[in-house]
**Student:** 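First the structure, which I've put down as structure tokens, then a few questions once you've had a look.
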Amino acid sequence: QRRRLGPGAGGVSTALPPLTKRVADTPFFRWVRTSTSIRDGEEFQTLTLNLARAGIDHPAGPVWFVVSRFLLAVLLPLIFLLVQRAMGQTASGFGLVLWTLLSCAAGLMLPGIYIKRRVAARQAELEREFPDALDLMVVCIEAGLGLDAAFVRIGQAMGRSHPAIAAELTRLSEELAAGKGRSEAMRAMAMRAGVSSIRCFVSLIIQYSILTASVALKSRTYAAEMR
């Protein structure tokens, strides 16, 4: 049975739960969006790209990131003070100020560190999964499917075994179905992935699609070279 192409196609879902969506649409979250550092367009785009590379591809992602930094910067010092009090070892003077500031700084830094680790892990996963996706692309094209249909098929078939590349190809298929140009959609995928092998492959496909050369042959060769 064919799965309907949508946000959850290929067993991958990037949508936030309905309650989270409702919370993100409150006046407080709109105030965060317009009153913090992400009000700057360039800063907002950079953060959005970093979150997308970490697999957090949602319009409210940057706002949640800023809110999480604020909450941790407040909660960690409070937790430190409560633990000190519970243990009967309450710090005082310079030590109290120092550890409070350090826990506050840790709260501000932890979300960024977490996102960086997720980006690195996801990019490594994409590097590992991409050659298998190319092999399946070759099979699909040689079986008579067009390139766009091959993207849909790969996203559906590899959702469980290769979730990262399946999610990217599903997003690519949805953008193509919405009328976005193939070159533009593929460049956007390469930008989101942030992986050199995918970026080079996208450039190769765009070049050889224009020259009407064999995409299947180039895909097979490129997959072998990546391995």
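Fair warning: this is a prediction, and the values are worked out from it, not measured in the lab.
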**Student:** More than 12 heavy atoms of other residues, nucleotides or ligands under 6.0 Å from CZ of F70: yes or no?
**Tutor:**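 No - once you tally the heavy atoms of other residues, nucleotides and ligands closer than 6.0 Å, there are 12 at most.
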**Student:** To the nearest 0.5 Å, how far apart are CZ in R69 and CE in M109?
**Tutor:**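 Taking CZ in R69 and CE in M109, the distance rounds to 9.5 Å.
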**Student:** Under a 4.5 Å cut-off applied to non-hydrogen side-chain atoms, are L108 and L72 in contact?
**Tutor:**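 No; the side chains remain at least 4.5 Å from each other.
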**Student:** To the nearest 0.5 angstrom, please state how far the OG atom of S197 sits from the CG atom of L204.
**Tutor:**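 The OG atom of S197 sits 12.0 Å away from the CG atom of L204.
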**Student:** Would F44 and V119 show up in the same hydrophobic cluster when neighbours are defined by side-chain heavy atoms closer than 4.5 Å?
**Tutor:**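 Same cluster: F44 reaches V119 through Ile, Leu, Val, Met, Phe, Trp or Tyr contacts under 4.5 Å.
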**Student:** Using residues 73-80 as the side-chain source, report each donor-acceptor pair under 3.5 Å to any protein atom, sequence neighbours left out, with the distance given to one decimal.
**Tutor:**
none

**Student:** Quick check: closest heavy atoms across A54 and R122, and the distance to 0.1 Å?
**Tutor:**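 Taking every non-hydrogen atom into account, C-CD, 3.7 Å.
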**Student:** Which residue is it: L136, V152, I154? I am looking for the one with a side-chain contact (heavy atoms from CB on, under 4.5 Å) to L169.
**Tutor:**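 The option that passes is I154.
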**Student:** Assess whether side-chain contact (heavy atoms from CB on, under 4.5 Å) is satisfied between T46 and L49, documenting all intermediate values.
**Tutor:** CA-CA 5 Å; T46 300; L49 178 59; 5.9 Å; no
**Student:** Can you give me the closest heavy-atom contact between G194 and Q123, atom names plus distance?
**Tutor:**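 Shortest heavy-atom separation between G194 and Q123 comes out as O-NE2, 3.1 Å.
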**Student:** Could you walk me through whether L47 and I115 pass the side-chain contact (heavy atoms from CB on, under 4.5 Å) check?
**Tutor:** CA-CA 10 Å; L47 180 56; I115 293 300; over 6 Å; no
**Student:** If I take atom CZ from residue R153 and atom OG from residue S173, how far apart are they, to the nearest 0.5 angstrom?
**Tutor:**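 R153 CZ to S173 OG: 12.0 Å, rounded to 0.5 Å.
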**Student:** Heavy-atom distance under 4.5 Å between the side chains of I205 and L147, does that happen here?
**Tutor:**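 I205 vs L147: side chains touch.
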**Student:** With side-chain contact (heavy atoms from CB on, under 4.5 Å) as the test, would you mind laying out the steps for R118 and L51 before giving the verdict?
**Tutor:** CA-CA 9 Å; R118 277 198 60 167; L51 292 174; over 6 Å; no
**Student:** Should we say atom NZ of K180 is surrounded by more than 12 heavy atoms from elsewhere, each under 6.0 Å from it?
**Tutor:**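 Above 12, so yes.
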**Student:** Are S161 and E129 side-chain neighbours, meaning at least one heavy-atom pair lies under 4.5 Å?
**Tutor:**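 S161 does not reach E129 side chain to side chain.
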**Student:** Any chance you could lay out the side-chain contact (heavy atoms from CB on, under 4.5 Å) test for R53 and M191, step after step, and finish with the verdict?
**Tutor:** CA-CA 9 Å; R53 288 178 174 176; M191 180 66 70; 3.7 Å; yes
**Student:** Got a second to check how far I198's CD1 is from S203's OG, nearest 0.5 Å?
**Tutor:**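 It is 12.0 Å, given to the nearest 0.5 Å.
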**Student:** Output the distance between atom CD1 (I165) and atom CD (E125), rounded to the nearest 0.5 Å.
**Tutor:**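 If we round to the nearest 0.5 Å, I165:CD1 and E125:CD are 9.5 Å apart.
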**Student:** Does the side chain of F151 reach to within under 4.5 Å of the side chain of M189, using non-hydrogen atoms?
**Tutor:**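 Of all side-chain heavy-atom pairs linking M189 with F151, none is under 4.5 Å.
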**Student:** Mind checking whether I206 and L176 sit in one hydrophobic cluster, side chains of I, L, V, M, F, W, Y counted as touching below 4.5 Å?
**Tutor:**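 Same cluster.
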**Student:** Look up atom CZ in R187 and atom CG in L172, then write down how far apart they are to the nearest 0.5 Å.
**Tutor:**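 So the CZ of R187 and the CG of L172 are separated by 13.0 Å.
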